[in-house]
Amino acid sequence: MNLLGPFEALTAEPFETSWRSPSNIAFVKYWGKKGHQLPANPSLSMTLKNCFTETRLSFSVGTSHPGVELFLNGLRQEKFAAKIEAYLRSLESLSWLAKVHVRIDTHNTFPHGTGIASSASGLSAFALGLTDYLFHLSGVKVDFFRTASYLSRLASGSASRSVYGGFVSWGDESDFYASSIPVHPELAHLRDSVLVVSGDEKTVSSTAGHGRMSEHPYASARFAQARTNYHRTRAALTAGDLSEVGAVLESEALSLHAMMLTAPSAFTLLKPKTLAAIDMIWAFRRETQLPLYFTLDAGPNLHLIYPESSQHKIRTFISHELAPLAESVIDDECGEGPVKC
Ligand code: PMV
């Protein structure tokens, strides 16, 4: 499927736009690819609210080199600029973009290395700005967010889910773009407190981790499990069944990290404090029956998921018992998706 057909023969003009796009946390994980940037299984995520990237794009016409300049917090970043330039060149059907110079001014509301995906927020913010440019030049009026999701996916799979608010799936309706999914009103305001147990740089990148699934002995069992977990989570989100959502959430986090531990070239991103916190969360749930669940991204930091209705007691537990294990705690919640700003 190619959603870029209407944008193939455009004439470049100057344009400026600015987008704020949030990060997301996967409840059902994308871990393993097929083809070019297509997921081996469906995934499902909650879009965050406070953790976002704000990006201003200034397009001008000219063949100057480099074609992309990127400033993060006002400082020039040549490595990120080169990645965006390579991404733009990979959009071969939009070859006219070679005549366009892009200046990117960007910042995140959350620190790097905290287990909050800046690739999801940053690359979706960029893709939204690029989509805005394509729609402006072409006069196309429909499927703006679908196109932005398609362009985000080509940069980073998880970014495809950040262009919508609430809960979002990718790899069910389509492998090529993500879609918004319904949620019971009681689960529409879930909280996510991120327990940052280590801000160290990851030893194995997500790209390398996806690659290790291609020869993983448990790959097909994992993809089948993820499909089952996806359908269980969707049904539980619709029914408002938080204990079912939580059970699958934790199983998904542990399966993701089990894949790393059992990969042909094994590795782990977990830290002793991650496991200590998991033990404490399980004990807290047994003792209080309160609905506190965890998930993990490809890193050691825990996302603590709980409902607004139990927020007071759970935040007391987090700040008294879990926070001493951590470098910091970042409070976030389910958000409404990107905005043009
Ligand atoms: O989008 P990528 O290539 O950075 O991969 C993301 C992988 C996970 O964050 C571990 C899972 C997910 O679905 O977001």
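Counting convention: from 1, in listed order, for ligands and their atoms alike. When reading the values below, keep in mind they use all heavy atoms of this one structure, side chains included, and skip hydrogens, waters and symmetry mates.
- Of the candidates His210, Gln37, His257, His210 brings a heavy atom nearest to atom 2 (P) of ligand 1.
- Less than 4.0 angstrom separates some heavy atom of Ala26 from each of these atoms of ligand 1: 12 (C), 13 (O), 14 (O).
- By the 4.5 Å heavy-atom criterion applied to side chains, Leu242 and Leu190 are counted as neighbours.
- Ring-plane geometry between Phe135 and Phe144 is classed as perpendicular, the angle between the planes exceeding 60 degrees on a 0 to 90 degree scale with a lower cut at 30.
- Checked by distance only, ligand 1 and Ser158 come closer than 3.5 Å through their nitrogen or oxygen atoms.
- Residue Gly157 has at least one heavy-atom neighbour below 4.0 Å for each of these atoms of ligand 1: 1 (O).
- A donor atom on one side chain and an acceptor atom on the other are not found under 3.5 Å apart for Asn41 and Ser43.
- Cation-pi geometry between Arg227 and Tyr230 is not met: the NZ or CZ atom fails to fall both under 6.0 Å from the ring centre and inside 45° of the normal.
- For atom 8 (C) of ligand 1, the closest non-hydrogen atom on the protein side is Asp297 OD1, 3.4 Å.
- Both the sub-6.0 Å distance and the 45° axial angle are satisfied by Arg103 relative to the ring of Phe71.
- Of the polar atoms of Ser43, none of the N or O atoms is found under 3.5 Å from an N or O of ligand 1, judged by distance alone.
- Taking all heavy atoms of Arg161, Glu252, Met259 into account, the minimum distance to atom 14 (O) of ligand 1 is reached by Arg161.
- Between the side chains of Ser193 and Asp331, a donor-acceptor pair is found at a separation under 3.5 Å.
- Using a non-hydrogen distance threshold of 4.0 Å, Ser156 registers as a contact of ligand 1.
- Only side-chain heavy atoms of Ser206 come within less than 4.0 Å of ligand 1; its backbone N, CA, C and O stay farther off.
- Between Tyr87 and Phe126, the ring planes lie perpendicular to each other; the angle is over 60°, past the 30° to 60° tilted range.
- Polar contact check, Tyr30 against ligand 1: a nitrogen or oxygen pair lies under 3.5 Å apart.
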